[in-house]
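Report on one structure; see the data block that follows.
Only a predicted model underlies this, so the values are computations on that prediction, with no experimental measurement involved. One-based numbering, in listed order, for ligands and for the atoms of each.
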Amino acid sequence: MRKTVLVCVWAIALTSIPAVCNAQIDTKWKIHDMDRPAPPVADPGTASTQDAPGRPPSDAVVLFDGKDLSSWVQKKDGGPAKWKVENGYFEVVQKTGDIQTREAFGDCQLHVEFAEPIPAKGESQDRGNSGVFLHGLYETQVLDSYQSKTYADGQAAAIYGQYPPLVNASRPPGQWQTYDIIFHGPRFDSSGKLMRPARETVFHNGVLVQDNVELSGPTAHGARPPYKPTPEKLPLALQDHGHPVHYRNIWIRELKSGE
Ligand code: MG
């Protein structure tokens, strides 16, 4: 009897494997089908150096190219962004408030470069604090975490209050650093019920620091608020935490809905 059960379980396991493996494959096309449409061509651009920002991929929406903040507005009232542009970067102007993109974005690949203030000033959360807010709700922390201690789920590249980064890949203040983020936003049904939580992957200076983590809801200080129904596309925001953090070379590529 036990043997029969085991054989059945094994048979079910075996037969279910191909179904699972094929779940993502479009069966409309034969394997290696020469008629299958080729993916569009994207010029990958060039990598940034400490001296100069790289060139974004050809299919990216450029959100800051070193010249102006025309793609950004004040988050509070939609007025012109008040942060300072100079020498190919822009700087957080304290107490002017967060800024956000004019355009709304859904699931995406996002590239952001930032440099922490020099000389370094303050400790813990009071040291080069800013933030990249996907959908204006989910913060990937920007902080000077180079040889500086704070709580783990609030250091640079943390999903604030939820996930510390896998490693601290911070560069010294004054040096340009990169975040490359893959973000899949939450989905809600027509009644507002959560069907899929947000997920995020982050590379900090090219190092994997968040590996497809599942967000518990919007990020907040000292709280983990639950999800509330939101549109599939929302603006990207940057945080004014009162510190003159620099940003340059920001671009975004939207991913196909549902993937
Ligand atoms: Mg912050």
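Using a cut-off of 2.8 Å, one finds that S130 contributes an N/O/S atom close to the Mg ion (ligand 1). One of the N, O or S atoms belonging to N129 lies under 2.8 Å away from the Mg ion (ligand 1).
Rounding to 10°, one obtains 90° for the angle at the Mg ion (ligand 1) between OE2 (E139) and OE1 (Q239).
Partners of F203 according to the side-chain contact (heavy atoms from CB on, under 4.5 Å) rule, which considers only residues two or more places apart in sequence or in another chain, are D180, T201, L208.
The residues E123 and K149 are annotated as not salt-bridged, no charged nitrogen and carboxylate oxygen being separated by less than 4.0 angstrom. Salt-bridge annotation for D59 and R253: present, with a side-chain N of the basic residue lying under 4.0 Å from a carboxylate O of the acidic one.
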- Item | Check against side-chain contact (heavy atoms from CB on, under 4.5 Å), E200 and N212 | CA-CA 5 Å; E200 189 172 339; N212 196 29; over 6 Å; no
